[in-house]
Amino acid sequence: MSNVRTRFAPSPTGYLHVGGIRTALFAWLLARQQNGSFILRLEDTDKAREVAGSDAHLMKSLRALGLTYDEGPDIGGPYGPYRQSERLATYQEWARRLVESGRAYADPYTPDEVQEFRRQAQHEHQPFLYRNHRPTQPPAWDGTQPLRFKADPKPYAWHDAVMGDLHTGPEVIDDFVLIKSDGYPTYNFAHIVDDAEMQISHIIRGQEFLASTPNYLNLYEALDLIPPIMATMPHILGPDGKKKLSKRDGAKDVLDYIREGYLPEAMVNFIASLGWNDGTEQELFTIDELIQKFSLDHVQRSGARFDEQRLQWMNGAHIRTLSLDELYNRAQGYWPDEAGEYADAYKQRVLGLVQERLKYFAELPELTRFFFVDLPVNPELIASHKQLKKLDTSTLHQLLQTVRDVLNESNFTVPDLTERLNTLLTTTDQKPAVLFSLIRIATTQAPASPGLADSLAVLGKERSLQRIDNQLCAL
RNA sequence: GGCCCCUUCGUCUAGCGGUCCAGGACUCCGGGUUCUCAGUCCGGCAAUCGCGGGUUCGAAUCCCGCAGGGGUCACCA
């Protein structure tokens, strides 16, 4: 075990989308690579915004992607509890220390009064700074007022593992709230206390916290703490490429992707590739490769747009690397209803035929339904076929009857079928586009299917001939 | 408005002073794979590296301005 300890610290206010999960992923990769620990901490200090059940949903999402944590609310650990609402006494104690050292004071204003200060600042096109209104004789803190940090404004220069060297002037330092009037700590205070108590070595978080980092540095000083390594991730942008990806604008729950049959390793590969690369031309990575090759200093500083098309491609590519057994296991639950009765061996053969064209498992029913159920003859398939529609019915009938007679002699193995189909091409003097299309339509009644000989072999002789007979009757 | 961050093909990106009139991938377009859809293989379109100045023999790469985009300025995280 190294002393690398990273954490993912979401607030339970809803589901996790691709943007949120990436912060978790990078923290997880770093911990795994350095043989460290990855901690899940729930930041549930805002009762108003909390969404019931979202804590469980969050944990489920992490597990679904394989981002297992070593310490967390549901599994405990040496620095628990890992739910901030259960750590109130700790924050009180640290707050008390700041009060005693004169670095925290009770906020005497009403919310309306503070709001008025803010409006005034906005009116003057100035940034709002509470410390401009810092009371000279604040009342004793009795817990009913917000407790504010007494900041020590000064310039800061610090290093960010992703963004590089950063610096700001004293004008950004302010007296922010440590403890709210309801007794809960703010994020600004709680995360610093917890990261210290939990021995966190690297803070990996989104860009929205960049502006408040100098304030955190000021608080670290007041608490006599050494700040962890900071790594600021750029935002993932929505499809429009402007705003950061957000639930409001329809960002999908990562669990929805899993439900649609995206592979966890493909999701992880894709999410990692938004803003990270290993400096080579490699695009596809296994989880182990990501753990091995990940590095914060190869993380992009600019935002990346979420492109679902690329995700589909990547998922398909991962699907194609799976062994048939493995693929079969993963595809459980995605079969069309009609497949229920069929034997594993049959379904596995079907799966083998569609493996190279699957993009995600939810496509399985439309791709394979005809292997399990006899679809009604669809005249549209011939009527809309560019070659077949030119032929008259009796020609088609005659052609298909010939096919039926020949296939009746076949043992329906792929080599034998291939051989006979090829011979039919010459004996009927038809182009593949005509002959094979006709057979394919007759035997599948589907607009698309895997290769003809393969499909026929899997369907079997009896069923194939029966379907040809059905087509003959309909002609 | 103040402060901060960002800026290479439509998109994800490689690039860290010369090997780049910029490479890969997705998408798109053509062709092969004796039918379809997909996959796969081959080929193609596509960024004068946001703009303008410098530094240098030489800049996508360093410096300075400018512009555009984003973030932040909550008793939300």
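Chain identifiers are assigned alphabetically (A, B, ...) following the order of the sequence lines, protein sequences preceding nucleic acid strands; residue numbering begins at 1 within each chain.
For the P atoms, the distance from B:A25 to B:C45 is 14 Å, rounded to whole Å. B:U7 and B:A14 have their P atoms separated by 10 Å, with the value rounded to a whole Å. Distance check on atom C1': B:U8 versus B:G23 gives 11 Å, rounded to whole Å. Look at the P atom in both B:C51 and B:C9: the space between them is 10 Å, to the nearest Å. Atom P of B:C5 sits at a distance of 36 Å from the matching atom of B:A46, rounded to the whole Å. Going from the C1' atom of B:U36 to that of B:C20 covers 43 Å, rounded to whole Å. Distance noted for atom C1' between B:C62 and B:U56: 10 Å (whole Å). Taking the P atom of each, B:G10 and B:G18 are spaced 26 Å apart, rounded to whole Å.
In a base pair of the Watson-Crick type (N1 to N3 plus N6-O4 or O6-N4) or a G-U wobble (N1-O2 and O6-N3), with each distance short of 3.5 Å, B:G52 is matched with B:C64. Base pairing of B:A25 is made with B:U11, judged by Watson-Crick or G-U wobble geometry with both donor-acceptor distances under 3.5 Å. With a cut-off of 3.5 Å on both pairing distances, B:C16 has no Watson-Crick or G-U wobble partner at all. B:G1 is paired with B:C73 under the criterion used here, namely a Watson-Crick or G-U wobble arrangement in which both key atom distances are under 3.5 Å. Nucleotide B:A59 is matched to nothing when pairs are restricted to Watson-Crick or G-U wobble geometry with both distances under 3.5 angstrom.
Atom P of nucleotide B:C3 and atom CD of A:Glu171 are separated by 7 Å, given to the nearest angstrom. At whole-Å resolution of the value, CG in A:Asn315 and P in B:C26 are 15 Å apart. In this entry the distance linking CD of A:Glu281 with C1' of B:C12 reads 14 Å, nearest Å. Taking atom CD on A:Gln312 and atom P on B:C28, their separation rounds to 11 Å, with Å as the unit. Going from atom CZ of A:Arg301 over to atom P of B:C5 covers 10 Å, rounded to whole Å. Atom pair A:Asp165:CG and B:C62:P shows a separation of 14 Å (rounding to whole Å applied).
With 3.5 Å as the limit, one finds no donor-acceptor pair spanning the side chains of A:Arg7 and A:His202. Defined by atom type and a distance below 3.5 Å, a donor-acceptor pair is present between the side-chain atoms of A:Asp107 and A:Tyr130. A:Lys244 and A:Gln207 form no side-chain donor-acceptor contact under 3.5 Å, judged by distance and modelled atom types alone.
Two rings, from A:Phe361 and A:Tyr262, have their centers 6.0 Å or more apart. Taking the six-membered ring for Trp, A:Phe117 and A:His133 have ring centres closer than 6.0 Å. Taking the six-membered ring for Trp, A:Phe372 and A:Trp335 have ring centres closer than 6.0 Å. Between A:Phe26 and A:Phe294, the distance from one ring center to the other falls under 6.0 angstrom. Ring pair A:Phe285/A:Trp276: centre-to-centre distance below 6.0 Å. Here A:Tyr216 and A:His191 bring their ring centres to under 6.0 angstrom of each other.
Exactly one residue among A:Tyr91, A:Phe209, A:Phe176 makes a ring pair (Phe, Tyr, Trp, His ring centres under 6.0 Å) with A:Tyr187. That residue is A:Phe209.
Taking the ring axis of A:Tyr105 as reference, the NZ or CZ atom of A:Arg148 does not stay both within 45° of it and closer than 6.0 Å to the ring centre.
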Under 3.5 Å, side-chain donor or acceptor atoms of residues 45-52 of chain A against the rest of the protein: list the pairs with distances, not counting sequence neighbours.
residue, atom, partner, partner atom, Å
A:Asp46, OD1, A:Ala48, N, 3.1
A:Asp46, OD1, A:Arg49, N, 3.4

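Among the heavy atoms of the strands, none lies under 4.0 Å from A:Gln115. Contacts of A:Leu438 with the nucleic acid, taken as non-hydrogen atoms under 4.0 Å apart, are absent. Among the heavy atoms of the strands lying under 4.0 Å from A:Glu283 is at least one base atom, whether or not backbone atoms are also near.
Applying the side chain to side chain donor-acceptor pair (under 3.5 Å) test to residues at least two apart or on different chains, the pairs with a partner in residues 303-317 of chain A are A:Tyr257-A:Glu308, A:Glu283-A:Arg310. For residues 356-365 of chain A, the set of pairs meeting the salt bridge (Lys or Arg N to Asp or Glu O under 4.0 Å) definition, not counting sequence neighbours, is empty.
Between A:Arg305 and B:U11 there is a side-chain polar atom (N or O) within less than 4.0 angstrom of OP1 or OP2.
Side-chain atoms of A:Gln309 lie closest to B:C26 of the nucleotides B:C26, B:U13, B:C6. Among the nucleotides B:U7, B:U11, B:C4, the one closest to the side chain of A:Thr168 is B:C4.
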Encode nucleotides 65-77 of chain B as B, S and - characters from 5' to 3', where the letter depends on protein heavy atoms closer than 4.0 Å: B to the base, S only to sugar-phosphate, - to neither. -----SSSBSBBB
Sequence-aligned protein contact record of nucleotides 36-42 of chain B, with B where the base is within under 4.0 Å of a protein heavy atom and S where only the sugar-phosphate is: BBBSS--
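Scanning residues 362-373 of chain A for heavy-atom distances under 4.0 Å to RNA chain B yields an empty list.
Position along RNA chain B of the nearest nucleotide to A:Leu166 versus A:Glu124 favours A:Glu124 as the more 5'-ward residue.
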